[in-house]
J.: 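Take a look at this one; I'll ask things after.
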Amino acid sequence: LHPPVAAALVLLAGVAPGQWLGDPFCGSGTILAEYVHLAVTGRAAGVDVSGEAVDAARANLAAAGGRRALVVRGDARALPLRAGGLDVVVTNPPWGRTVVRPASEARAWRSVVDSLGRAGRLVVVAEPPQPAAPPEWAGPVLSFGPLSVSGSKPVVLVSTRPGDPGQTGSADRGAPA
């Protein structure tokens with residue numbers, strides 16, 4: 001994902017002091033790096049199923065001075081994060097053009113939603129068909145696109161829990177993992 005696009009996605013999430021941002025499909029860590037750059041007191045947690053992607057994300061974050069980010073190997077269907085530990089999730093899942101959508105996609109999205117706090121916000125770059133917002137969520141509250149990303153035409157979807165002002169903080173909650 002191109003860094004300016006990643007930065008724009010982070011800004012759509014509503015950067016606030018002390019937030020925890022998660023990316024369950026972090027790849028090389030571009031979204032995480034942009035977040036720790038933009039949110040000077042924010043912290044980030046990245047997960048990817050690929051060990052090579054995790055190594056690349058860690059190297060990229062180290063080069064960018066991203067000491068407030070942790071990256072672990074894991075599966076989005078069972079995220080190694082504490083339930084409710086994240087304030088926002090910003091992600092660009094590989095499903096669609098790059099990887100065939102798995103039969104377990106719904107389970108992965110349930111795991112992502114469970115990782116978000118009660119006032120969480122979800123920003124997703126989505127290939128058609130667009131994933132539906134979780135039933136208890138408002139959304140998408142914002143949808144735009146298509147973008148032109150590496151030859152594909154995804155849209156950006158922003159969903160929130162009802163009543164979320166998009167400005168939560170969790171500095172007192174500790175690490176989400």
Side-chain angles (χ1 to χ4, degrees), residues 1-48 53-54 56-74 76 79-93 108-126 133-134 136-145 147 155-177:
L1 191 62
H2 200 266
V5 174
L9 296 172
V10 166
L11 292 171
L12 283 172
V15 177
Q19 281 184 324
W20 272 97
L21 174 136
D23 183 352
F25 308 96
C26 73
S28 63
T30 308
I31 290 171
L32 304 174
E34 292 301 320
Y35 179 72
V36 296
H37 174 73
L38 291 167
V40 296
T41 61
R43 292 167 282 179
V47 178
D48 203 284
V54 168
R58 288 176 178 160
N60 289 338
L61 286 162
R67 291 184 206 95
R68 292 174 287 112
L70 59 98
V71 180
V72 297
R73 186 172 182 186
L79 287 171
L81 301 172
R82 185 183 62 183
L86 299 174
D87 298 298
V88 295
V89 167
V90 178
T91 194
N92 178 20
W109 287 120
R110 182 80 254 158
S111 180
V112 168
V113 168
D114 289 347
S115 73
L116 282 159
R118 60 183 162 77
R121 181 168 280 213
L122 177 62
V123 178
V124 179
V125 177
E136 67 275 15
W137 283 54
V141 293
L142 176 64
S143 174
F144 65 90
L147 303 177
V155 296
V156 176
L157 306 170
V158 180
S159 297
T160 64
R161 292 192 192 264
D164 172 37
Q167 299 298 318
T168 62
S170 64
D172 58 327
R173 289 201 316 233

J.: Using the rule side chain to side chain contact (heavy atoms under 4.5 Å, CB included), only one of V90, N92, L157 pairs with V125; which is it?
T.: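 Testing V125 for a side chain to side chain contact (heavy atoms under 4.5 Å, CB included) against V90, N92, L157 leaves exactly one candidate, N92.
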J.: What's the shortest heavy-atom distance between Q19 and D87, and which atoms?
T.: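 Q19 and D87 have their closest heavy atoms at CA-OD2, 3.1 Å.
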J.: Give the C-alpha distance, both sets of side-chain angles, the deciding distance and a yes or no for side chain to side chain contact (heavy atoms under 4.5 Å, CB included) between W109 and V124.
T.: CA-CA 11 Å; W109 287 120; V124 179; 3.8 Å; yes
J.: Roughly how far, to the nearest 0.5 Å, is CG of L79 from CG of L116?
T.: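 One finds 9.5 Å between CG of L116 and CG of L79.
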J.: P24 and V112: which non-hydrogen atoms are nearest, and at how many Å?
T.: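 For P24 versus V112, the nearest heavy atoms are CG-CG2, 3.6 Å.
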J.: Do N60 and T30 touch side chain to side chain, with heavy atoms closer than 4.5 Å?
T.: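 No, too far: nothing below the 4.5 Å cut-off.
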J.: Could you tell me the separation between the CG atom of L61 and the OH atom of Y35, rounded to the nearest 0.5 Å?
T.: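 Between atom CG of L61 and atom OH of Y35 there are 13.0 Å.
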J.: Checking R73 side chain against V54 main chain: does a donor-acceptor pair fall under 3.5 Å?
T.: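 The answer is no, because no donor-acceptor pair under 3.5 Å joins these two groups.
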J.: What is the distance from atom CG of L86 to atom CZ of R121, rounded to the nearest 0.5 Å?
T.: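 CZ of R121 is found 15.0 Å from CG of L86.
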J.: For G85 and W20, work out which heavy atoms get closest and say how close.
T.: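 Heavy atoms of G85 and W20 come nearest at O-CB, 3.7 Å.
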J.: Are the side chains of L147 and V156 in touch, meaning some heavy atoms are under 4.5 Å apart?
T.: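 Heavy-atom side-chain distance check passes, below 4.5 Å.
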J.: Which heavy atom of A6 sits nearest to which heavy atom of E34, and what is that distance?
T.: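 Where A6 meets E34 most closely, the heavy atoms are CB-CG, 3.8 Å.
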J.: Does L32 offer a backbone N or O that forms a donor-acceptor pair with the side chain of D23 under 3.5 Å?
T.: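 Such a contact is absent between D23 side chain and L32 backbone.
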J.: Please tell me if the side chains of L1 and L9 come closer than 4.5 Å, counting only heavy atoms from C-beta onward.
T.: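 L1 reaches L9 side chain to side chain.
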J.: Would the distance check show the side chain of S28 and the main-chain N or O of A56 forming a donor-acceptor pair, the cut-off being under 3.5 Å?
T.: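 Between the backbone of A56 and the side chain of S28 there is no qualifying donor-acceptor contact (under 3.5 Å).
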J.: If you compare all heavy atoms of C26 against all heavy atoms of D48, which two are closest, and at what distance to 0.1 Å?
T.: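 Of all heavy-atom pairs spanning C26 and D48, the closest is N-OD2, 3.5 Å.
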J.: I need the L12 CG to L122 CG distance, nearest 0.5 Å.
T.: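 Nearest 0.5 Å value for the CG-CG distance: 12.0 Å.
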J.: Kindly indicate whether the side chain of L21, heavy atoms from C-beta on, has any atom under 4.5 Å from the side chain of I31.
T.: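 A side-chain contact exists here, since the closest heavy-atom pair is under 4.5 Å.
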J.: Looking only at heavy atoms, which two atoms of V36 and A44 are closest? And how far apart?
T.: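 V36 and A44 have their closest heavy atoms at CG1-CB, 4.3 Å.
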